[in-house]
Amino acid sequence: MRGTLYLIPNTLGKRDEFDPVMDVIPVGVQQIAARLDYFAAENAKTARAFLKKLGETAPLAHAIQQIEVRELNVNTKSDAIAALLDPIAAGRDCGLLSEAGVPAIADPGADLVRLAHARGITVRPLVGPSSILLAVMGSGLNGQSFAFNGYLPVDADERAKRLRDLEQRSRKAHQTQVWIETPYRNGALLEALRQHCAGATLLSIAVDLTLPTETIVTLPISAWRPDRIDLHKRPAIFSLLAQ
């Protein structure tokens, strides 16, 4: 009998002053993750740290040392991804664990999920925090139609062109455009938005979602200033809706 591939949500971040697992991961999901002895994760060390923290509220069925964690990240070759499914095909359940948030969304785990379907393996996505959905929910922008665009180009000229394209698409389809950025480039991205997008276009920025320092602000681009939110090295989601 084949095992099941469980898509295990992770926390979006942590602070010493609160328990992120208990606050954002449902009890039922904690219990499923706590009984597994096999995981595919982007980073084995941080996956074990998550499981150790999880064990404080949902006792693990296996000692940390007995839990097998195989890495799956952007450097994993296609044949190695397929090999991750062999234990599941042999009857062993597996948890796919992202570094943050839900697996397979802006995450290399999507390749494993696709192969699981191709091999007839049951896939069970579990409930947990998605920074993308939380940002759209909190933005006040169009939640009926939105598109996630991943990362924008690093090159300034290409980024400016991409921003204008996204704004045009948003205006034409009345569609919220959502993307992420490497935290140390947040400030440069905000400045590019102020330079290349219309002042009436609405921009929402959500930082530190689910954390005590969570902040979500939606304003016309003309009203945004660099000091409106401290963006320096903080995980952020950007959402835009052209008027």
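Side chains included, hydrogens not; waters and symmetry mates left out as well; all remaining heavy atoms used.
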Which atom of [X] lies closest to which atom of [Y], heavy atoms considered:
X	Y	result
A135	A206	CB-CB, 4.0 Å
A47	V69	CB-CG1, 4.0 Å
E181	L189	CB-CD2, 3.8 Å
A58	A34	O-CB, 3.5 Å
D93	T4	OD1-N, 2.8 Å
E42	S98	OE2-OG, 3.4 Å

(request) Go through the steps for L7 and V102 under the test side chain to side chain contact (heavy atoms under 4.5 Å, CB included), then give the verdict. (result) CA-CA 7 Å; L7 310 189; V102 294; over 6 Å; no
Same cluster (ILVMFWY, side-chain, under 4.5 Å), [X] and [Y]:
X	Y	value
M137	W179	no
I88	I81	yes
L85	L96	yes
I25	V127	no
V113	L72	yes

Would you call [X] and [Y] a salt bridge, using N to O less than 4.0 angstrom?
X	Y	value
E56	K53	yes
R114	D111	yes
D86	R119	yes
E158	R162	no
K161	D165	yes

(message) Are more than 12 heavy atoms, taken from residues, nucleotides or ligands other than R164, located less than 6.0 Å from that residue's CZ atom?
(response)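 More than 12 heavy atoms, drawn from other residues, nucleotides or ligands, come within 6.0 Å of this atom.
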(request) Can you establish whether the number of heavy atoms outside Q168 located under 6.0 Å from its atom CD is more than 12? (result)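 No, the 6.0 Å shell around CD holds no more than 12 heavy atoms from other groups.
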Within-4.5 Å side-chain heavy-atom neighbours: [X] and [Y]:
X	Y	result
S145	H174	no
Q195	L163	no
L12	L211	no
L209	P129	no
T122	R2	no
R70	F39	no
L60	H62	no
D37	R92	yes

Verify, without hydrogens or angle tests, whether [X] (side chain) and [Y] (backbone) share a donor-acceptor contact under 3.5 angstrom.
X	Y	answer
T218	I216	no
R234	D208	no
Q175	A147	no
S139	V136	yes
N10	E99	yes
R228	L219	no

If you measure from [atom1] on [X] to [atom2] on [Y], what distance do you get to the nearest 0.5 Å?
X	Y	atom1	atom2	value
D107	N73	CG	CG	10.0 Å
I205	L240	CD1	CG	10.5 Å
W224	S204	CH2	OG	7.0 Å
L36	Q31	CG	CD	12.0 Å
F148	L133	CZ	CG	10.5 Å
L152	L193	CG	CG	8.0 Å

(message) Starting from L241 and following side-chain heavy-atom contacts under 4.5 Å between hydrophobic residues (I, L, V, M, F, W, Y), which residues can be reached?
(response)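 L141, L202, all in the cluster of L241.
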(request) Establish, from distance only, whether the side-chain atoms of R35 and Y6 form a donor-acceptor pair under 3.5 Å. (result)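 R35 vs Y6: donor-acceptor pair found between side chains.
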(request) Show the numbers, then the answer: is there a side chain to side chain donor-acceptor pair (under 3.5 Å) between Q177 and N149? (result) CA-CA 7 Å; Q177 301 298 321; N149 298 279; 3.1 Å; yes
(request) Before giving the answer on side chain to side chain contact (heavy atoms under 4.5 Å, CB included), spell out for N43 and F50 the whole-Å C-alpha distance, their side-chain angles and the decisive distance to 0.1 Å. (result) CA-CA 11 Å; N43 182 285; F50 170 77; over 6 Å; no
(message) Using the rule side chain to side chain contact (heavy atoms under 4.5 Å, CB included), only one of L54, D23, T210, V21 pairs with T11; which is it?
(response)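 Among the candidates, only V21 passes.
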(request) Given side chain to side chain contact (heavy atoms under 4.5 Å, CB included), test V154 with T182 step by step and report yes or no. (result) CA-CA 10 Å; V154 175; T182 301; over 6 Å; no
